[in-house]
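Below, chains carry the letters A, B, ... as their sequence lines are ordered, and counting in each starts from 1. Computation of the quantities below employed the complete heavy-atom set of this structure, encompassing side-chain atoms and omitting hydrogens, waters and symmetry-equivalent molecules. In this text the structure is predicted, and so the values were computed from the model without any measurement.
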Amino acid sequence: MLDVRLLRAEPERVREGIAAKGETADLDRWLRLDRERRELLAEWERCRAELNAGGAEIARAKKEGRDAAEEIAALRAVKAREKELKGRIDAAETELSEILVRIPNLPAEDVPRGPDESGNVEIARWGEPREFAFPPRAHWDLGAGLRILDLRAGGEIAGSGFPVLKGAGARLERALAQFMLDLHTERHGYTEVSPPHLSRADPMVACGQIPKLEADMYRCDRGGLYLIPTGEVPLTNLHRGEILEGGRLPLRYTTLTPCYRREAGAAGKDTRGLIRVHQFQKVELMVFARPEESEDELLRLRGCAEEVLRRLGLHYRVVLLCTGDLSFAGRRTFDLEVWAPGVGRYLEVSSATGFGDFQARRADTRFRDPGGKPRYVHTLNGSGLALPRTIIAVMESYQREDGSIDVPEALIPYMGGLTRIRPEEDRHE
RNA sequence: GGAGAGGUGGCUGAGUGGUCGAAAGCGACGGAUUGCUAAUCCGUUGAGUGGGGACCAUCCCUGCUCCGAGGGUUCGAAUCCCUCCCUCUCCGCCA
């Protein structure tokens with residue numbers, strides 16, 4: 001949610017921001033309705049003041065034992081007028097908020113302009129793509145050969161886009177998650193959280209998932225709860241309606257959750273294997289920060305996510321998203337893209353995003369500054385990291401010619417000492 | 001799932017239709033005092049939004065809204081009615 005004062009004071013800036021993100025919210029209608037509402041509100045408040053004063057007068061009269069029938073009759077007319085005004089105000093407010101939730105956050109000033117991902121800018125690169133003396137295979141081939149990835153079985157259970165990991169594959173996923181959580185909690189100062197994986201609509205709205213991405217969400221028939229598309233949803237709403245003590249900031253949280261995404265319209269495009277799936281595990285990083293420290297915190301958070309890739313020895317690049325590729329609620333986003341030699345592409349494994357106070361305004365999360373005044377916090381988050389694509393990068397980067405996969409050194413303790421993944425034996429009882 | 005109790009300001013907790021935005025305590029902040037790592041006393045202390053004033057930041061005056069959320073009754077509601085949400089207790093069920 002943008003500050004409505006910004007909409008009134010600098011509509012041109014907001015209009016540019018909407019256009020830069022390729023959105024179509026009707027700012028003009030909002031401005032017109034806002035003006036109308038405020039005029040009505042002024043009149044309504046005069047009515048209220050009259051009613052309040054009259055009420056006090058009646059109370060006084062009753063106390064003194066006087067009859068107040070005359071005053072009461074007079075107020076009845078004012079009351080009718082008040083009611084009518086209130087109705088018009090309510091109608092205006094309903095429409096105002098419908099427009100407002102569709103107005104995206106403004107991109108930070110220095111974000112490159114661009115229509116879509118073609119306008120993104122690579123700003124950093126770490127390591128080198130691994131060289132192979134043989135043509136590296138894609139993870140789906142490696143996974144099938146090792147019997148650690150079963151796409152067909154997942155399809156039978158839930159449909160395509162729901163892969164099954166088995167044996168060392170499942171273990172690899174668990175090892176990676178464990179490794180990431182230990183790193184973030186023990187070295188990076190994040191507090192681990194185990195949150196609900198279903199959410200009401202409001203927390204989704206706070207994150208900017210609804211209304212824009214509602215069609216991308218799974219929802220339960222009974223109860224109407226949404227399956228979270230990312231751990232960002234529960235974490236960002238952890239302090240809903242609270243005024244935090246300024247001294248506690250920044251608050252850093254991490255969580256491992258499943259993520260559910262319908263990925264409507266994405267079928268058939270870059271979706272093979274584990275590249276794009278409907279359910280996946282992800283370690284999320286989330287920070288509540290003071291406004292003045294949030295830019296630094298974003299870089300720090302990005303660094304925490306990068307550290308995972310470095311320790312795994314995976315080559316990656318950092319991309320600064322342009323305006324057209326920024327998410328609805330984001331001000332600035334750095335994507336971390338890991339190199340997957342088998343599929344020959346960089347895959348996004350994390351989006352470190354600063355939201356300013358956009359989400360905090362919707363989630364009503366504030367803090368007290370040294371002067372004691374409540375102010376909205378800044379929120380930021382990023383993956384640390386998404387598991388399927390990290391698995392892809394590990395499998396494809398550490399593959400050998402015989403189809404086996406070396407376990408990255410950092411993961412060996414988490415794999416129970418296993419140093420190399422060889423074809424899985426089916427174990428029968 | 002069934003029955004009951006309850007949701008009030010940073011916290012605890014009074015308040016059952018009329019100067020209640022709301023007692024009291026705690027905490028916090030400011031001040032006073034005291035030489036013994038603290039006590040005592042005094043004062044201030046919810047949020048949002050609009051208007052006016054001022055050495056227009058840190059201020060002052062003032063209107064309106066907010067006592068879980070949303071409706072309703074009434075001249076007037078924290079207080080009465082309805083719906084929903086949440087918490088707690090007991091029972092049932094259950095990993």
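Spacing between B:A78 and B:U65 at atom C1', rounded to whole Å, works out to 14 Å. On the C1' atoms, B:G7 is 14 Å away from B:C84, given to the nearest whole Å. Atom name C1', nucleotides B:C55 and B:C64: the rounded distance is 30 Å, in whole Å. A gap of 31 Å separates the C1' atoms of B:U83 and B:G10, to the nearest Å. Only the C1' atoms considered, B:A28 is 11 Å distant from B:C11, to the nearest whole Å. One C1' atom belongs to B:A69, the other to B:U8, and the distance between them is 15 Å to the nearest Å. With P as the reference atom, B:A39 and B:U45 are 24 Å apart, rounded to whole Å. To the nearest whole angstrom, the two P atoms, one in B:C82 and one in B:G21, are 26 Å apart.
A perpendicular orientation is assigned to the rings of A:Tyr190 and A:His188, their planes being inclined by more than 60° (bins at 30° and 60°). Using the six-membered ring where Trp is involved, A:Phe162 and A:His278 have ring planes that are tilted, between 30° and 60° apart.
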List the atom pairs, with distances to 0.1 Å, where a side-chain N or O of residues 363-382 of chain A and a protein N or O form a donor-acceptor pair under 3.5 Å, not counting sequence neighbours.
| from | atom 1 | to | atom 2 | distance (Å) |
| --- | --- | --- | --- | --- |
| A:Thr365 | OG1 | A:His239 | O | 2.9 |
| A:Arg368 | NH1 | A:Gly372 | O | 3.0 |
| A:Asp369 | OD1 | A:Gly371 | N | 2.9 |
| A:Asp369 | OD1 | A:Gly372 | N | 3.0 |
| A:Asp369 | OD1 | A:Lys373 | N | 3.0 |
| A:His378 | ND1 | A:Ser294 | OG | 2.8 |
| A:Thr379 | OG1 | A:Gln359 | OE1 | 2.7 |
| A:Asn381 | ND2 | A:Glu232 | OE2 | 3.4 |

Please report, to 0.1 Å, the donor-acceptor pairs under 3.5 Å made by any side chain of residues 196-208 of chain A, with sequence neighbours excluded.
none

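Atom P of nucleotide B:C85 and atom CG of A:Asp202 are separated by 14 Å, given to the nearest angstrom. Rounded to whole Å, atom C1' of B:C64 lies 14 Å from atom CD of A:Glu43. We find that CG of A:Asp369 is positioned 16 Å from P of B:A57, with the value rounded to whole Å. The distance between atom CD1 of A:Ile72 and atom C1' of B:G17, rounded to the nearest whole Å, is 13 Å.
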Let me see the working for A:Arg252 and A:Arg300 under side-chain contact (heavy atoms from CB on, under 4.5 Å), right down to the final yes or no.
CA-CA 11 Å; A:Arg252 303 190 179 103; A:Arg300 184 183 186 279; 3.2 Å; yes
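If you check B:C55 for Watson-Crick or wobble pairing at under 3.5 angstrom, you find it has no partner at all. Remark: B:U65 base-pairs with B:A47. Criterion, Watson-Crick or G-U wobble with two distances under 3.5 Å. Both distances falling under 3.5 Å, in either a Watson-Crick or a G-U wobble arrangement, place B:C88 opposite B:G4. With a 3.5 Å ceiling on both atom-pair distances, the Watson-Crick or G-U wobble partner of B:G70 is B:C82. Pairing for B:G9 is absent, judged as Watson-Crick or G-U wobble with the two contacts each under 3.5 Å. B:U19 makes up no base pair with any nucleotide shown, lacking Watson-Crick or G-U wobble contacts both under 3.5 Å. Look at B:C94: it lacks any Watson-Crick or wobble partner with both distances under 3.5 angstrom. Taking a pair to require two hydrogen-bonding distances under 3.5 Å in either a Watson-Crick or a G-U wobble arrangement, B:C41 pairs with B:G31.
Between A:Glu50 and A:Ala73, the one whose closest nucleotide on RNA chain B sits nearer the 5' end is A:Glu50. Map A:Ala59 and A:Trp44 each onto its nearest nucleotide of RNA chain B; the residue landing nearer the 5' end is A:Ala59.
Counting non-hydrogen atoms of other residues, nucleotides and ligands closer than 6.0 Å to CZ of A:Arg311 gives a total above 12. At most 12 non-hydrogen atoms from other residues, nucleotides or ligands lie less than 6.0 angstrom from CD of A:Glu70.
Each of A:Leu321, A:Val121, A:Asn120 was evaluated against A:Pro112; a single residue qualifies, A:Val121, per the side-chain contact (heavy atoms from CB on, under 4.5 Å) test.
Applying the salt bridge (Lys or Arg N to Asp or Glu O under 4.0 Å) test to every pair with at least one member in residues 103-113 of chain A, sequence neighbours left out, gives these pairs: A:Asp110-A:Arg332.
Counting heavy atoms from C-beta on, the side chains of A:Met286 and A:Leu238 never come closer than 4.5 Å.
With sequence neighbours excluded, the residues forming a salt bridge (Lys or Arg N to Asp or Glu O under 4.0 Å) with A:Glu82 are A:Arg48, A:Lys79, listed by chain and number.
With B:U73, B:G18, B:C85 as the candidates, the nucleotide lying closest to the side chain of A:Lys83 is B:U73.
No contact: A:Ala56 has no heavy atom under 4.0 Å from any strand.
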Please write out the pairs of protein N or O atoms and N or O atoms of nucleotides 45-51 of chain B separated by less than 3.5 Å, giving the distance to one decimal.
| from | atom 1 | to | atom 2 | distance (Å) |
| --- | --- | --- | --- | --- |
| B:A47 | O3' | A:Arg366 | NH1 | 3.2 |
| B:A47 | O2' | A:Arg366 | NH1 | 3.4 |
| B:U49 | OP1 | A:Arg5 | NH2 | 3.3 |

Under 3.5 Å, which protein N or O atoms sit close to an N or O of nucleotides 76-84 of chain B? Give each pair with its distance.
| from | atom 1 | to | atom 2 | distance (Å) |
| --- | --- | --- | --- | --- |
| B:G76 | OP1 | A:Lys79 | NZ | 2.6 |

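A close approach under 4.0 Å does not occur between any side-chain nitrogen or oxygen of A:Asn52 and OP1 or OP2 of B:G18.
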